[in-house]
Colleague: 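Sharing a structure, written as structure tokens. Questions coming.
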Amino acid sequence: MEHKLLTIGAIFLTTISLAACGSKKSASTHKALSVTLPDEPLTADPNKATDTNSAGLIFQTMEGLYTYNKQNKIIPGVATKVVKPTNNGKTYTFNLKRNAKWANGQPVTAQDFVNSFRRTVDPKTKAQYANLYSAFKNYSAIQAGKLAPNKLGAKAIGRHKLQIQLTKRIPWFNDLAASKYLPLNTAAVKKYGQKYGTNTSKTMADGPYKLVGWTGSNSSWKYVKNPHYWNAKNVKINQVNVSVTKDENTAINLFKSGKIQETTVTGQYVRANASNPDLKKHATGRLNYLYFNPQIKKTNSENLRKALGYIINQKTITQDVLQDGSKPALNMVIRGDQKNPKTGKDMAEDVGNLLPTSVSKAKNYWNKYLKESGKKSVTMNLLTDDTDEDKHIGAYIQSIAQKNFKGLTINLTSLPHAQHVARDFDGKFELNLTGWSTNWRDSYDFLSLMAKDNSVNFAHWNDPTFNKLLNTANAKTGQARYDGLVQADKYLMKIMGCIPLYQPSEAKLISSKVGGLTYSLLNEAQYQYAYWK
């Protein structure tokens, strides 16, 4: 009798223990993850997004044909599998998951993809990144207004089958299928038109989270688990609280107090806290560079570009100004972006350092510039973001140039990111500190920033020789293509079409209580894989 009572007691205690474990797991699932962004996003519309903050929002709430797994490898998203193209790499046919649904429960259809693609390339949409579809059949004619958007090489073959026709093979198609070739809810776009994506009520998600509480201009919102997401059962955290925190010290204090679990830190904090176990660093797929406006006479000068190119020291920028693990640019291609097919060597290292520093050469080109301009003194304006990082780099360029170039005055204008981007596309700048984050690992994406028809070649800098080298290279395959891209890179650096500065390294403070946050050259962490330890 005594033995039985003890056994029953043991069972009773075990039951309580299991119930407690279940409650703890449930509490972890319902406990919100809190994170920061450095600035406000401009839009939740994938067809129109141009800035990194909007891209971050879209990355958490939308899913394309493919997506990325925990190790940042491409896996099927809305598509049932990663397909092999036919027709010499020019035709892709996808079957779509029948359980892929929008946040309102409607199925994601092939026509949702087709309509999104057509909307992007329609000139009326004014999508800045429409050229991501440049290899689609009839793209050029549609952009030129010669054909209707419904002639684009994408069609629905039934409700759950999509076919894409290209005019040429593109090596980075799978990356775009995972990050940029996104669907839009057809009914929502029809209802809201140009206002689609301007706030939460005019947005529809098909990814692991839906957007909640974003008005289009506020500085805090939520990602709430999408119950209709096809893989919702594996999303561990139900809610992510997002707050725009521009001041780094504020973000650090919030982290230390446990109010946020992920935030970005830079420069001096990274250097001073190198041994902090919560500090994690990773290289990004981004190049920050100095761009000159060719539509303004005083900045449309090869002599000016070379003067600044030789006076700027990329190592000084990364080691002394940033101090956060960022890498000095060697040329127009970032490290880790592309490999030599024959040797496997990284292209950036293969091409080598084409950005040497020489004060004497810099002064010589500056004197040539003054002579060609017919002036003894020149005042220029340098446009930057209002982040500490950009302001410090701007101050460095201002200081080193004014110190060595007689008669030069550089004034700095630092604007919030959204305003900076608007000025970029309006061409309202003289010197511009800007950057580009790639969506695929191929040097063409960075080299084409200076192609005459690229929408982010903001003031339409145009060098026929460079355009020919780039286009000729991209029309080839294998080693011949690689060698041609190397040649284009070397020529661009020879004439200093722009001045590459550095490949940023991103440093994050990540709570030891949270797991599953992994980063890559292309991607921020996907919160769908995060969990409370």
Side-chain angles (χ1 to χ4, degrees), residues 47-51 90 117-149 151-154 164-173 175-176 180-181 287 289 291-296 299-300 302 305 332-333 337 421-429 432 434-440 442-476 481 484-485 487-498 500:
N47 294 168
K48 297 180 181 180
T50 58
D51 63 297
K90 294 186 289 186
F117 299 170
R118 290 174 178 174
R119 182 171 179 263
T120 302
V121 302
D122 188 340
K124 294 179 182 178
T125 304
K126 299 180 180 179
Q128 298 292 348
Y129 296 155
N131 63 338
L132 294 177
Y133 294 80
S134 61
F136 279 53
K137 183 180 178 180
N138 294 328
Y139 165 83
S140 297
I142 294 168
Q143 282 280 289
K146 296 178 180 179
L147 285 178
K151 299 298 182 182
L152 187 70
I164 293 174
Q165 294 282 358
L166 306 178
T167 56
K168 60 182 179 181
R169 174 182 174 273
I170 49 176
W172 52 85
F173 181 91
D175 278 318
L176 289 179
K180 292 299 178 184
Y181 296 158
L287 177 71
Y289 57 100
Y291 181 82
F292 301 75
N293 193 333
Q295 304 304 323
I296 298 174
T299 50
N300 184 26
E302 185 174 333
R305 299 196 303 268
M332 197 64 186
V333 182
D337 193 50
V421 171
R423 289 271 294 268
D424 287 345
F425 285 108
D426 288 341
K428 295 180 180 179
F429 60 87
N432 193 357
T434 189
W436 179 253
S437 297
T438 188
N439 293 295
W440 64 83
D442 189 279
S443 63
Y444 179 81
D445 195 27
F446 288 105
L447 292 169
S448 67
L449 291 172
M450 301 306 293
K452 69 173 183 177
D453 57 352
N454 194 323
S455 60
V456 291
N457 178 1
F458 303 114
H460 310 294
W461 180 81
N462 182 21
D463 185 276
T465 301
F466 172 72
N467 292 325
K468 184 177 180 180
L469 286 170
L470 186 63
N471 292 333
T472 300
N474 198 43
K476 299 177 181 178
R481 180 176 182 273
L485 292 172
Q487 189 179 0
D489 189 7
K490 289 180 177 180
Y491 176 79
L492 183 63
M493 295 298 92
K494 180 181 177 181
I495 62 172
M496 285 291 172
C498 64

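The model shown is predicted, which means the values in this text are computed figures rather than measured ones. The first residue of the sequence shown is numbered 1, and numbering continues consecutively from there.
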Colleague: For D424 and Y291, test the side chains for any donor-to-acceptor distance below 3.5 angstrom and give the result as yes or no.
Modeller: no
Colleague: At their closest point, which heavy atom of F117 faces which heavy atom of A154, and how far apart are they?
Modeller: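 The pair with the smallest heavy-atom distance is CD1-CB, 3.8 Å.
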Colleague: Do K126 and F425 have side chains that approach each other closer than 4.5 Å (heavy atoms only, starting at C-beta)?
Modeller: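 No, every pair of side-chain atoms sits at 4.5 Å or beyond.
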Colleague: Shortest non-hydrogen contact from K168 to N474?
Modeller: NZ-ND2, 3.5 Å
Colleague: Could you report the tightest heavy-atom contact between K180 and L132, atom names first, then the distance?
Modeller: CG-CD1, 3.7 Å
Colleague: Are N432 and N293 close enough that a side-chain donor and a side-chain acceptor fall under 3.5 Å?
Modeller: no
Colleague: Do the side chains of V121 and F136 get nearer than 4.5 Å, heavy atoms only?
Modeller: no
Colleague: Assign the ring pair F458 / F429 to parallel, tilted or perpendicular, where the plane angle (0 to 90°) is split at 30° and 60°.
Modeller: perpendicular
Colleague: Do the side-chain N and O atoms of N47 and T120 include a donor-acceptor pair separated by under 3.5 angstrom?
Modeller: yes
Colleague: For D445 and W436, test the side chains for any donor-to-acceptor distance below 3.5 angstrom and give the result as yes or no.
Modeller: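 Yes, W436 and D445 have a side-chain donor paired with an acceptor closer than 3.5 Å.
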Colleague: Has the side chain of N462 got a donor or acceptor atom that lies under 3.5 Å from a matching backbone atom of K452?
Modeller: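 Not a single qualifying donor-acceptor pair exists.
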Colleague: Is any side-chain heavy atom of K494 less than 4.5 Å from a side-chain heavy atom of E302?
Modeller: no
